[in-house]
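The structure appears right after this line, and notes come after that.
Every value quoted in this text rests on a predicted model; they were computed, and no experiment measured them.
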Amino acid sequence: MTVHTGTTSATGTTSPATATSVTSAPSTAPFSASTTEEKLRWLVQGLLTRTPGARHALVLSRDGLKLCSTPELTVDQADHLAAIAAGIQALSHGASLQFGDGTGDVRSAMTEFYGGILFIVEAGEGAHLALVTAEDADAGLVGHNMGQLVEQLDGHLSAPPRTP
């Protein structure tokens, strides 16, 4: 996982850091993996707090590696949810290739099941945000709040493919 501290323009050039929730910190020391995960966890926990019906959230890589999760999830639950979300996104990618515009790009996926709803959105290059809510959650509000969090992360979070 990489956290970028600058902003990238449409031309691909990076300008000096612009303060965001992910990169703002009292310390000027480089980010370690643990402080980055703590900042992400704080942001994801905030999503739960301001989204009625939200139960669990996590950030994952495209290949299903959990990057951070809310504390209500056990390690096994978070790993399982990350694998499920990555699988759903992979299936959605295939549907987009075959029946969409051919790019394979997926904006979001939503799975309704008895007892809840799973929402998944892109959260940066190779990263996704997954949120599990109660089945009566307001999908519009959930989507709005997830979109706001993704905007906060925009350009600052990437999960490049792992090399064997």
Side chain proximity check, V150 to E122, heavy atoms < 4.5 angstrom: no
Residues T103 and D101: side-chain donor-acceptor under 3.5 angstrom: yes
Minimum-distance pair of heavy atoms, taken over all atoms of I117 and E112: CG1-CG, 3.9 Å
Trace of the side-chain contact (heavy atoms from CB on, under 4.5 Å) decision for L47 with L129: CA-CA 11 Å; L47 175 64; L129 171 64; 4.0 Å; yes
S61 and D63: CA distance, side-chain angles, deciding distance, side-chain hydrogen bond (donor to acceptor under 3.5 Å, both in side chains) verdict: CA-CA 5 Å; S61 67; D63 59 355; 2.4 Å; yes
Side-chain donor or acceptor of R62 paired with backbone N/O of A86 under 3.5 Å: no
Same apolar cluster: M146 and W42, side chain cutoff 4.5 Å: yes
Which atom of Q77 lies closest to which atom of E72, heavy atoms considered: OE1-O, 3.8 Å
Value rounded to 0.5 Å, distance of CG in L40 from CG in L67: 7.5 Å
Connected via hydrophobic side-chain network under 4.5 Å: F113 and L58: yes
Closest non-hydrogen atom pair between P71 and Q45, with its separation: CD-OE1, 3.1 Å
L141 with L48, same ILVMFWY side-chain cluster at under 4.5 Å: no
Minimum heavy-atom distance between A134 and R55, given as atom pair plus value: CA-NH2, 3.2 Å
Backbone N/O of A57 and side chain of T70: donor-acceptor pair under 3.5 Å: yes
Closest approach of L60 to A82 (non-hydrogen atoms, all atoms of both residues): CD1-O, 3.5 Å
Within one Ile-Leu-Val-Met-Phe-Trp-Tyr cluster: V106 and L81, side-chain cutoff 4.5 Å: no
same_hphob_cluster(L149, M110) at 4.5 Å side-chain heavy-atom cutoff: yes
Any side-chain heavy-atom pair of L131 and N145 under 4.5 Å: no
Closest non-hydrogen atom pair, D105 against S96: O-OG, 2.9 Å
Separation of L43 CG from Q148 CD (nearest 0.5 Å): 12.0 Å
